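Worksheet for the structure shown next.
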Amino acid sequence: MPKPGLSRLASSPDSMEASHLVSMSSPCVSPSQSQLKYMSLGVLVLQTTSLVLTMRYSRTLQGEGPRYLASSAVVSAELLKILICLLLVFYDHSFSFCVLNRVLKEEILNKPMETLKLAIPSGIYTLQNNLLYIALSNLDAATYQVTYQLKILTTALFSVSMLGKRLGLYQWLSLLILITGIGLVQWPTESLGGPSPTPLSAGSQLVGVIAILIACFSSGFAGVYFEKILKETNQSVWVRNIQLGLFGLVFGLMGVFVYDGERVRESGVFQGYNPLTWTVVALQALGGLVIAAVIKYADNILKGFSTSLSIILSTLISYFCLEDFNPTSVFFLGAVLVIAATFLYGYEAEACHQPQQSLDWRPTTSHSRV
């Protein structure tokens with residue numbers, strides 16, 4: 001018998017969509033679990049902030065030798081994620097190799113059409129992960145954090161068009177506030193005076209903005225597409241993530257040899273890797289799984305709070321430590337609007353789902369759908 005576990009919680013490799021899917025079916029938190037909410041908050045803030053800052057620092061650090069390949073880091077993260085999901089499936093089935101082998105054969109090899117459905121979101125996620133490296137190579141962490149919240153808008157629009165979901169008045173209002181806030185964050189600031197920050201790398205802000213905009217749209221589409229697939233089957237989400245990872249590994253390797261083939265032939269796939277690079281890879285691989293797990297004890301409001309804290313921490317560390325960011329009053333106004341929009345959108349979503357949770361929740365197993 002599989003163990004009741006967390007396999008229903010990891011909704012997608014893109015960890016920032018996890019709460020959107022899980023909040024619709026999470027049980028009410030008992031008093032004995034209330035402290036776990038605050039632990040969840042800490043883990044969410046730590047993971048989100050550390051991934052963005054370490055990725056930014058690793059892409060701008062000037063060191064000896066060649067810089068690591070972003071495409072190679074994406075492949076490494078996919079491989080690590082597959083190994084982690086295999087261990088989780090192994091755990092869910094009482095550490096039985098025979099059962100693990102049977103599950104993988106039945107769910108992956110014997111269901112080729114179900115497996116092939118994951119090729120589309122996997123390819124998009126692989127593209128998105130590469131785009132985020134490009135974005136953080138050209139944007140400071142604070143601007144990246146705020147602008148990437150545009151994925152809330154894209155996810156909402158794709159949910160309405162693909163899943164037929166209905167948004168409340170305050171959710172539509174929050175999306176308008178979100179667009180306004182992100183527009184202010186990207187507003188040119190040269191005319192406002194003041195010293196310009198000295199970037200750690202000669203990156204183009206336009207390239208970074210384009211990369212993050214494409215990543216937001218791909219994140220929204222892939223997340224909703226993956227949600228639709230999950231709702232059509234009762235397959236373990238860990239197995240789904242293994243399927244995604246296998247396709248991601250193939251697409252990622254294609255990207256390595258198509259775009260960085262010459263550099264790979266010269267210095268190898270793992271050129272420029274150091275402890276910081278492996279930290280980024282580990283954070284990226286573990287991020288979605290960790291956040292999806294702690295969301296069990298959290299809600300949309302708490303996630304909005306964690307997003308706000310992460311934006312504030314990224315801003316402070318970018319300014320005082322990385323010294324690649326010079327905040328302006330326009331940026332702060334835009335950031336406040338984005339934070340407010342995040343809270344407003346999550347608050348109405350939580351209010352809408354709360355009655356249904358108390359009526360419809362049933363105990364979950366490792367093969368429950370999200």
Side-chain angles (χ1 to χ4, degrees), residues 9 11-23 26 37-56 128 132 135-136 139-156 159 170-171 173-186 212-213 215-216 219-220 223 283-284 286-318 325 327 331-351 353:
L9 300 175
S11 59
S12 73
D14 188 357
S15 59
M16 300 179 186
E17 273 70 54
S19 64
H20 172 69
L21 304 183
V22 175
S23 62
S26 298
K37 276 195 170 187
Y38 301 101
M39 292 178 59
S40 301
L41 173 64
V43 173
L44 284 167
V45 173
L46 178 63
Q47 192 279 331
T48 305
T49 307
S50 59
L51 175 59
V52 171
L53 292 173
T54 53
M55 190 181 292
R56 168 64 180 173
Q128 173 192 327
L132 295 184
L136 279 167
L139 294 174
D140 59 83
T143 302
Y144 166 89
Q145 278 275 65
V146 177
T147 307
Y148 194 49
Q149 300 311 309
L150 187 64
K151 71 185 185 300
I152 298 175
L153 171 65
T154 60
T155 302
S159 294
Y170 288 109
Q171 287 179 311
L173 178 61
S174 69
L175 295 179
L176 292 176
I177 296 174
L178 178 71
I179 296 173
T180 304
I182 291 176
L184 289 175
V185 167
Q186 296 298 335
I212 202 170
L213 290 178
C216 286
S219 172
L283 286 171
Q284 191 173 29
L286 291 169
L289 306 177
V290 171
I291 290 181
V294 299
I295 284 294
K296 177 179 181 181
Y297 306 105
D299 51 34
N300 279 309
I301 299 174
L302 187 63
K303 184 177 183 293
F305 190 42
S306 69
T307 300
S308 305
L309 287 178
S310 182
I311 289 174
I312 294 170
L313 284 176
S314 297
T315 301
L316 293 175
I317 295 175
S318 291
F325 175 62
F331 175 89
F332 277 120
L333 176 59
V336 168
L337 290 177
V338 169
I339 291 172
T342 303
F343 269 107
L344 184 60
Y345 187 89
Y347 178 79
E348 176 156 323
E350 190 66 24
H353 295 311

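Index from 1, following the sequence. If you're wondering where the values come from, they're calculated on a predicted model, not measured in any experiment.
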What are the two closest non-hydrogen atoms of [X] and [Y], and how far apart are they?
X      : Y      : answer
Leu337 : Gly181 : CB-CA, 3.8 Å
Ala215 : Leu132 : CB-CD2, 3.7 Å
Thr155 : Gly220 : OG1-CA, 3.5 Å

Run the side chain to side chain contact (heavy atoms under 4.5 Å, CB included) test on Leu286 and Gln47 for me, step by step, so that the C-alpha distance in whole Å, both residues' side-chain angles and the decisive distance to 0.1 Å come before the verdict. CA-CA 9 Å; Leu286 291 169; Gln47 192 279 331; over 6 Å; no
Hey, could you give me the [atom1]/[atom2] distance between [X] and [Y], rounded to the nearest 0.5 Å?
X      : Y      : atom1 : atom2 : result
Thr143 : Leu136 : OG1   : CG    : 10.5 Å
Phe332 : Leu184 : CZ    : CG    : 13.5 Å
Leu213 : Lys151 : CG    : NZ    : 13.0 Å
Ile179 : Ser174 : CD1   : OG    : 9.5 Å
Ile339 : Gln145 : CD1   : CD    : 10.0 Å
Leu175 : Leu150 : CG    : CG    : 9.5 Å

Restricting to side-chain contact (heavy atoms from CB on, under 4.5 Å), what partner residues turn up for Leu313, sequence neighbours left out? Val45, Thr49
Leu173 meets the side-chain contact (heavy atoms from CB on, under 4.5 Å) criterion, sequence neighbours left out, with Tyr170, Ile177, Leu344
Within a strict 4.5 Å, meaning less than it, do heavy atoms of the Tyr148 and Val52 side chains meet? no
Does the side chain of Ser318 come within less than 4.5 Å of Leu53's, by heavy atoms? yes
Walk me through it: do Val146 and Gln186 pass the test side chain to side chain contact (heavy atoms under 4.5 Å, CB included)? CA-CA 10 Å; Val146 177; Gln186 296 298 335; over 6 Å; no
Between the side chain of [X] and the main-chain N/O of [Y], is any donor-acceptor distance below 3.5 Å?
X      : Y      : value
Ser219 : Cys216 : no
Arg56  : Leu139 : yes
Ser310 : Thr307 : no
Ser314 : Ala141 : no

Step by step, work out the side chain to side chain contact (heavy atoms under 4.5 Å, CB included) result for Tyr345 and Leu178. CA-CA 10 Å; Tyr345 187 89; Leu178 178 71; over 6 Å; no
